[in-house]
Each structure stands twice: as structure tokens, then as C-alpha cells.
Amino acid sequence: MGEEFDVVVAGAGHNSLLAAAYLAKAGLRCVVLEARSVLGGDTATEELTLPGFLHDSCSTAHNLIQASPTLRGDELGLRDHGLEYIHPDPVAFVPFPDGTSITQWRDVEATYGELARFSKRDADAYRVLLGEYAALAPTYGRYRYTPIGWGPSLDETLLGAPDGRKWARRAAMSAWDVIRDTFEEEHVRAFMCWMAFMTIQPLEQPGTGLNAYSLVYGRQQHSWVVPKGGSAALPLALARVIEAAGGMLRTGERIAELVVENGRCTGVVTERGERVKASRAVLSTIHVKHLVEMAPSDAWGDDFLYSIGSWQAGIGMFVTHYALSAPLEYPGPDGPVSPLASGTPGSVERMLQLEVDVRRGRVSSDDPPLLVLCPTVADPSRAPTGAHTLKVVGFHPYDVPGGPGAWDELAEEVSEANLRQLQRYAPSLTDDKILARSIHSPLDLEQANAHNWHGSCHGGDSGPAQSGALRPAAGWAQHRMPIPGLYQTGATTHPGGSVSGAPGRNAATVLLADLGLRIEDVIESR
Ligand SMILES: Cc1cc2nc3c(=O)[nH]c(=O)nc-3n(C[C@H](O)[C@H](O)[C@H](O)COP(=O)(O)OP(=O)(O)OC[C@H]3O[C@@H](n4cnc5c(N)ncnc54)[C@H](O)[C@@H]3O)c2cc1C
């Protein structure tokens with residue numbers, strides 16, 4: 001018989017760690033069980049190429065979490081536990097096939113000047129867009145950081161905001177519809193499309209309209225924010241908070257089963273056969289597709305099983321990490337530029353074609369749109385002196401002709417095509433500057449972290465069928481699962497994927513309330 005805890009936390013992504021930190025500070029005895037040998041899930045930082053080169057295995061940008069009450073009020077004391085953010089300038093650099101480029105600077109007027117080189121009207125529209133969204137951002141933020149059912153719905157939130165009727169329409173539109181209606185010039189439109197795509201939601205999908213505002217606004221406000229030392233600085237700081245509050249973290253512990261006794265979830269069984277008991281609750285970031293396999297089907301009910309059965313993955317990501325002997329450098333209008341973040345949309349048409357290809361299961365390496373990150377230009381602590389890390393990200397389906405297993409054959413070729421595309425824009429990145437590389441297809445991303453189900457990097461699609469009160473399933477969006485005592489957090493719950501910490505904080509709020517505790521008391525006790 002194993003040890004008994006108040007709460008067993010399944011998985012150590014940043015959301016479950018954040019929830020565990022609130023729970024532990026509320027005095028609950030928590031244990032976190034993580035399948036991998038490292039903490040953080042998609043916020044892990046690992047030596048993927050050579051010793052001393054610290055690569056963000058998945059996420060690099062910590063933009064969304066900047067708006068969280070957790071960071072804004074430093075509710076968990078993460079700064080005292082070593083979490084520090086860097087706000088690089090320029091924010092992002094986007095080169096185009098005709099040799100021109102757009103740079104987003106921290107200074108709005110400097111960004112205005114970049115856009116005005118292409119269209120003064122569009123530069124004016126950019127300024128208006130930022131101003132309009134500034135009025136909505138706090139209200140929309142409250143919606144994201146409130147558990148479903150604990151506040152107004154998204155429609156009510158938008159309609160209640162200043163200019164609410166406009167926002168209700170914009171939110172229901174697609175990001176591309178908003179961009180096409182707001183901007184007229186091709187380069188500006190392509191830049192805006194690339195930005196709006198940065199949470200990997202299809203630009204033409206109805207319901208993505210706010211992405212045309214929120215992503216560019218967030219980056220204009222905070223830059224392409226990265227934690228000093230790597231993405232893992234966040235989970236590692238959270239782990240310190242948990243341990244300081246008496247909680248326990250165990251890696252290399254994959255959970256295989258839920259324990260259900262008298263209709264209640266009372267613990268988990270690990271793959272090694274250990275039974276870990278939870279007297280109050282089990283809180284999971286196990287992907288919902290796997291979770292339902294961990295207890296008998298009659299424990300879930302038909303409705304829930306239908307919703308999880310019909311769950312759709314999102315667009316997959318394809319990542320190559322490089323160790324470099326020199327920084328990434330592009331020829332800019334005023335001389336060489338070495339941005340932390342850059343991207344190659346190609347054109348609006350190419351960005352829109354990407355989503356069609358993914359839906360059809362096509363891997364197109366022709367002029368691939370990329371997201372490129374060179375964190376060491378702003379944070380040299382991530383590599384040996386003078387050396388750099390580079391992450392080149394493409395966007396592809398998980399299901400390819402021949403099945404996902406075909407990725408093992410395709411990966412080299414796709415990685416090579418992405419590199420050649422980048423070298424076209426950054427010719428100084430010659431092959432001799434590449435010291436080592438590590439390739440991760442959508443299949444590899446799933447194999448590394450089971451929560452990246454079918455290569456979906458945000459838990460699953462975030463379209464209308466899997467958002468708000470429907471995430472992960474109608475009737476079960478308040479983090480309470482159909483089995484009493486079992487709670488769910490992470491990217492498969494409201495408001496979805498990305499490094500936001502919102503699912504974690506929202507789940508902690510609900511779980512604490514169910515145990516007769518208040519998150520406000522935890523925050524005030526700080
Ligand atoms: C390549 C890539 C790049 C990305 N870039 C960004 C970015 O720059 N900015 C951004 O905001 N977002 C980015 N994202 C998305 C973002 O990283 C994720 O949506 C987010 O980190 C998910 O956090 P989470 O806490 O919900 O779960 P995860 O981080 O996925 O953690 C879940 C954890 O649960 C563990 N687990 C799963 N099953 C079990 C089990 N049975 N037993 C025990 N443990 C288990 C996993 O090992 C994992 O550690 C990226 C994602 C990918 C894949």
C-alpha cells in the first residue's frame with residue numbers, strides 16, 4: 001500500500017504545476033506524478049543537440065501568461081523562486097520574397113513607420129486596431145481567467161464590453177476576414193496573418209476573429225516574451241513553490257489507471273503498479289483521449305464519451321532545433337538584424353493554403369511558412385559563449401498518406417526544406433555554422449509528450465465545437481469530470497492551449513471551492 005495524499009496531480013505541465021502550487025499553498029498535501037524524466041511538459045527546456053545548448057523543446061514565447069493574475073499580482077511569489085522575463089527588441093522580423101521586410105518594434109511609432117513604408121492607411125489602421133483592442137483586453141482576460149459558469153459566457157462578456165456589438169461580430173468572424181477588411185496592402189496583410197496564426201488556429205476558421213487583434217496586441221505590449229534560462233524556468237519555479245509548501249514531485253511515473261471506489265476517484269495506479277491514494281481529489285493533465293481509457297466506460301457516461309470520441313486534434317507542428325556557432329542574421333533595410341523571433345509567411349495565399357493542406361493531410365514543403373526563434377540573441381545563458389540555439393518551426397498534419405508512422409521517412413526531407421527556406425531569407429546561415437540538429441515531427445512531439453495527442457500542440461482544435469462550455473465536453477467544462485473526485489486541467493480545458501496558466505488557475509479555483517477553501521485566501525496569505 002502506497003502513501004496517501006490529499007491530492008494526486010497527474011502530469012507536470014505548467015498548468016497542473018500551477019494548480020498544484022495553489023493547492024499546496026492552501027495546505028493540501030499534494031504529489032505530482034510525471035511520466036517524463038523532466039518537468040514542464042511543453043514548457044520543458046532540454047539539451048537536445050549538444051552539451052550546454054539549452055533548447056525549448058516546445059514553447060518559447062510566454063506571452064499569454066503575462067496577462068494572468070498569477071504573474072500580474074505575483075500571486076505565487078514566482079519571482080522569489082527565480083522566474084524572470086526578458087522582453088526583446090525588436091519583437092519580430094518578417095522578411096518577404098521580394099527582399100522587403102516588416103519589423104515589429106517595442107515602440108509603436110517605430111512599428112507604425114515600418115507599416116507606413118507599405119501603406120500609410122494600413123499603418124493608421126494598425127494604430128486604431130491596437131487602441132480598440134486595448135479597451136477589450138482586460139474584459140476578455142477576465143473571461144479567460146474565470147472558470148466556465150463562474151462568470152458571463154463569451155457572448156455576454158463581449159456584448160457587455162464597450163463597443164460590445166462590434167466585438168461580438170468580430171469574435172465570430174475568421175481572423176482572415178478581419179485582416180482582409182482592415183488592411184489593404186499585401187505585405188501588411190501577410191504580416192498580420194502570420195501574427196494571427198501564432199496560436200496555430202486556422203486563419204479562415206469562423207470564431208478566430210479576435211486572434212487578429214489579441215496576438216499582435218500582446219506582442220506589441222510585452223514583446224516576444226521569454227523566461228531567462230529557457231521555458232523551463234516557469235515549471236521549475238512552480239516546482240520550488242510546491243516543494244516549499246510541502247508538496248512532492250516525482251518524475252518517471254506514468255499513470256496507467258484511475259482508482260475508482262464506490263463511484264469515486266480515490267487515486268491512481270502507475271505503470272510500475274504502484275497505487276497512489278488521494279483522499280480529497282485527483283487532478284489530471286492526462287489528455288482526455290487517454291483519460292477515458294483509464295477507467296471503465298460506464299464510469300463516464302455516454303454524453304462524455306461521445307464528446308471525447310469526437311474530439312479533433314489541431315494543426316501539428318514540425319520542429320528542428322539547431323546548435324549554431326553564430327547568431328541568426330537577416331539582411332534588414334538598415335543593415336543586418338538578429339531578431340529573437342522571425343517568420344516567413346511568404347504571402348497571404350501561402351498562409352491560407354497551409355490550412356487547406358493540413359486538413360487534406362498533405363505535407364507541402366513548397367515555400368513553407370515558418371516560425372523561427374533564436375532565443376540566445378536575447379538570453380546568452382542558454383548556450384556556450386558565442387554560440388546560439390535556433391528553433392525552426394513548420395506547420396503540418398499528423399495524419400499523412402501512409403499513416404503517422406510515415407513521418408519517420410518524411411522528417412529529414414521536411415526539415416531540410418525548412419532549412420533551405422530559412423537560408424533563402426538569411427543567407428549568412430551557411431551549413432558550416434550548424435554544429436548539430438535535432439528533428440521533431442508531429443509524431444515525435446506526441447511520443448515525447450502524450451498530451452500532444454495526434455501532434456496537436458494545444459491539446460486539440462480550438463474551434464467553436466471545442467471551446468468555452470464545450471471544452472472538453474458539454475456539461476463538463478468546469479474542470480469537474482464525470483467521476484466524482486476527478487478534476488481535469490491543462491490544454492484540453494478552458495481556455496485551451498498555450499502558455500497561459502489559465503486552465504491551471506481556473507481548475508485550482510474550482511477544486512479549492514469544492515473542498516471548502518478559497519483561492520483568494522491563498523493569494524492573500526502571500
Ligand atoms: C512545438 C510546440 C511549440 C509551442 N510553442 C508555444 C509558444 O511558443 N508559446 C505558447 O504559448 N505555447 C506554445 N505551445 C503550446 C504550449 O506549449 C502548450 O499548449 C502548453 O504548454 C500545454 O501545457 P499543459 O500544462 O496544458 O500541458 P503539457 O505541457 O502538455 O503537460 C502535460 C504533462 O502531462 C504528462 N502526462 C501525460 N500523460 C501522462 C500520464 N499518463 N502519466 C503521467 N504524466 C502524464 C506529460 O508528460 C506532460 O509533462 C507550443 C507547443 C508545441 C508542441
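Positions are given from 1, in the same order as the sequence printed here.
In summary, the side chains of Asp107 and Tyr112 do not present any donor paired with an acceptor at a separation below 3.5 Å, with no hydrogens or angles considered. Inspection of the Thr49 and His55 side chains reveals an N or O donor paired with an N or O acceptor under 3.5 Å. Between the side chains of Ser441 and Asp444, a donor-acceptor pair is found at a separation under 3.5 Å. No side-chain N or O of His458 forms a donor-acceptor pair with one of Ser456 less than 3.5 Å apart. Judged purely by distance below 3.5 Å, without hydrogens or angles, the side chains of Thr376 and His388 pair a donor atom with an acceptor atom. Counting only N and O atoms by type, the side chains of Asp56 and His321 include no donor and acceptor under 3.5 Å apart. In summary, the side chains of Asp431 and Gln423 do present a donor paired with an acceptor at a separation below 3.5 Å, with no hydrogens or angles considered. Side-chain atoms of Thr320 and Ser415 form a donor-acceptor pair, as typed in the model, at a separation below 3.5 Å. For Thr70 and Tyr22, the side-chain atoms include at least one donor-acceptor pair closer than 3.5 Å.
Counting all heavy atoms, side chain and backbone alike, Ile86 lies closest to Ala378 at CD1-O, 3.8 Å. Of all non-hydrogen atoms in Pro327 and Val377, the two that sit nearest each other are CB-CG1, 4.0 Å. Heavy-atom minimum distance, Ala175 versus Thr208: N-OG1, 2.9 Å. The shortest non-hydrogen separation linking Arg359 to Pro202 is NH2-CG, 3.8 Å. Minimum heavy-atom separation, Ala12 to Leu39: CB-CD2, 3.7 Å. Nearest approach of Pro503 to Thr489, heavy atoms of both residues: O-OG1, 2.8 Å.
Pairs engaging residues 129-144 under the side chain to side chain donor-acceptor pair (under 3.5 Å) rule: Glu132-Arg170 [sequence neighbours left out].
Remark: the backbone N or O of Leu429 is not paired with any side-chain donor or acceptor of Glu329 at under 3.5 angstrom. Under a 3.5 Å cut-off, the side chain of Asp461 and the backbone N or O of Gly314 do not form any donor-acceptor pair. At least one donor-acceptor pair under 3.5 Å links the side chain of Thr45 to the backbone N or O of Ser231. A distance-only check finds a donor-acceptor pair linking the side chain of Asn63 to the backbone of Ser223 [under 3.5 Å]. Here the side chain of Ser365 pairs no donor or acceptor atom with the backbone of Ala417 at under 3.5 angstrom. Of the possible polar contacts, none joining the Ser59 side chain to the Ala61 backbone as a donor-acceptor pair under 3.5 Å is found. Side chain of Glu185 to backbone of Ser119: no donor-acceptor contact under 3.5 angstrom is found. Of the possible polar contacts, one joining the Asp74 side chain to the Leu78 backbone as a donor-acceptor pair under 3.5 Å is found.
Side chains of Lys228 and Arg382 form no contact here, defined as non-hydrogen atoms less than 4.5 Å apart.
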- Message: With side chain to side chain donor-acceptor pair (under 3.5 Å) as the criterion, how do Arg424 and Gln421 come out once you've worked through the C-alpha distance, each side chain's angles and the decisive distance to 0.1 Å?
- Response: CA-CA 5 Å; Arg424 183 178 155 206; Gln421 170 79 333; 3.1 Å; yes

- Evaluate salt bridge (Lys or Arg N to Asp or Glu O under 4.0 Å) for Arg360 paired with Glu355, printing each intermediate quantity in order. CA-CA 9 Å; Arg360 295 285 171 275; Glu355 330 179 339; over 6 Å; no

- Query: Can Val225 and His222 be said to form a side chain to side chain contact (heavy atoms under 4.5 Å, CB included), step by step?
  - Reply: CA-CA 6 Å; Val225 197; His222 303 288; 3.4 Å; yes

- Task: Begin with the C-alpha distance, continue with both residues' side-chain angles, and end with the deciding distance and a verdict on side chain to side chain contact (heavy atoms under 4.5 Å, CB included) for Val363 and Asp357.
- Result: CA-CA 7 Å; Val363 178; Asp357 288 341; over 6 Å; no

- Check the pair Ser174, Asp177 against side chain to side chain donor-acceptor pair (under 3.5 Å), reporting the backbone distance first and the verdict last. CA-CA 5 Å; Ser174 74; Asp177 284 340; 3.2 Å; yes

- Task: For side chain to side chain contact (heavy atoms under 4.5 Å, CB included), just list the numbers for Asn506 and Thr493, CA-CA rounded to whole Å, side-chain angles, deciding distance to a tenth of an Å, and then say yes or no.
- Result: CA-CA 9 Å; Asn506 291 342; Thr493 62; over 6 Å; no

- Using the side chain to side chain contact (heavy atoms under 4.5 Å, CB included) rule, take Glu186 and Phe118 through it: C-alpha gap first, then chi angles, then the decisive distance, then the call. CA-CA 9 Å; Glu186 167 68 18; Phe118 294 94; over 6 Å; no

- Task: Show the numbers, then the answer: is there a ring pair (Phe, Tyr, Trp, His ring centres under 6.0 Å) between His62 and Tyr85?
- Result: CA-CA 9 Å; His62 283 206; Tyr85 279 104; 5.7 Å; yes

- Taking it one step at a time, do Ser364 and Asp366 satisfy side chain to side chain donor-acceptor pair (under 3.5 Å)? CA-CA 5 Å; Ser364 171; Asp366 183 21; 5.2 Å; no

- Task: Please assess Arg437 against Glu412 for the test salt bridge (Lys or Arg N to Asp or Glu O under 4.0 Å), listing each intermediate value before the final yes or no.
- Result: CA-CA 11 Å; Arg437 70 175 182 170; Glu412 279 283 324; 2.8 Å; yes

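Annotation: the span from Leu445 atom CG to His454 atom NE2 amounts to 13.5 Å, rounded to 0.5 Å. Taken to the nearest 0.5 Å, the CG atom of Leu115 stands 5.5 Å off from the CD1 atom of Ile102. Separating the CG atom in Leu328 from the NZ atom in Lys433 is a distance of 10.0 Å, to the nearest 0.5 Å. Residue Leu71 holds its CG atom at 9.0 Å from CG of Leu76, rounded to the nearest 0.5 Å. Within the model, atoms CG of Leu390 and CZ of Phe53 stand 11.5 Å from one another, a figure rounded to the nearest 0.5 Å. Leu18 contributes atom CG, which lies 9.0 Å from atom CD of Glu75 (distance to the nearest 0.5 angstrom).
Under the side-chain contact (heavy atoms from CB on, under 4.5 Å) rule, His187 has a single partner from Val94, Asp98, Val348, which is Asp98.
Ring planes of Phe93 and Tyr330: tilted class, angle from 30 to 60°.
Listed by chain and residue number, Leu83, Pro227 satisfy the side-chain contact (heavy atoms from CB on, under 4.5 Å) test with Ala233 (two or more places apart in sequence, or in another chain).
Between Glu349 and Arg189 there is no salt bridge, since no side-chain N of the basic residue sits under 4.0 Å from a carboxylate O of the acidic one. For Glu184 and Arg121, the salt-bridge test passes: some basic side-chain N is under 4.0 Å from an acidic carboxylate O. Salt-bridge check for Glu46 with Arg36: passed, with a basic side-chain N closer than 4.0 Å to an acidic carboxylate O. Contact check on Asp89 versus Arg106 returns no salt bridge, with no Lys/Arg side-chain nitrogen under 4.0 Å from an Asp/Glu carboxylate oxygen. Salt bridge present: Arg420 and Glu416 bring a charged side-chain N and a carboxylate O closer than 4.0 Å.
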Donor-acceptor pairs under 3.5 Å, side chain of residues 391-405 to any protein atom, not counting sequence neighbours: which ones?
{"residue": "Lys391", "atom": "NZ", "partner": "Cys58", "partner atom": "O", "Å": "2.2"}
{"residue": "Lys391", "atom": "NZ", "partner": "Thr60", "partner atom": "OG1", "Å": "2.8"}
{"residue": "Tyr398", "atom": "OH", "partner": "Glu446", "partner atom": "OE1", "Å": "2.7"}

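Within a 6.0 Å radius of CD in Gln447, more than 12 heavy atoms belonging to other residues, nucleotides or ligands are found.
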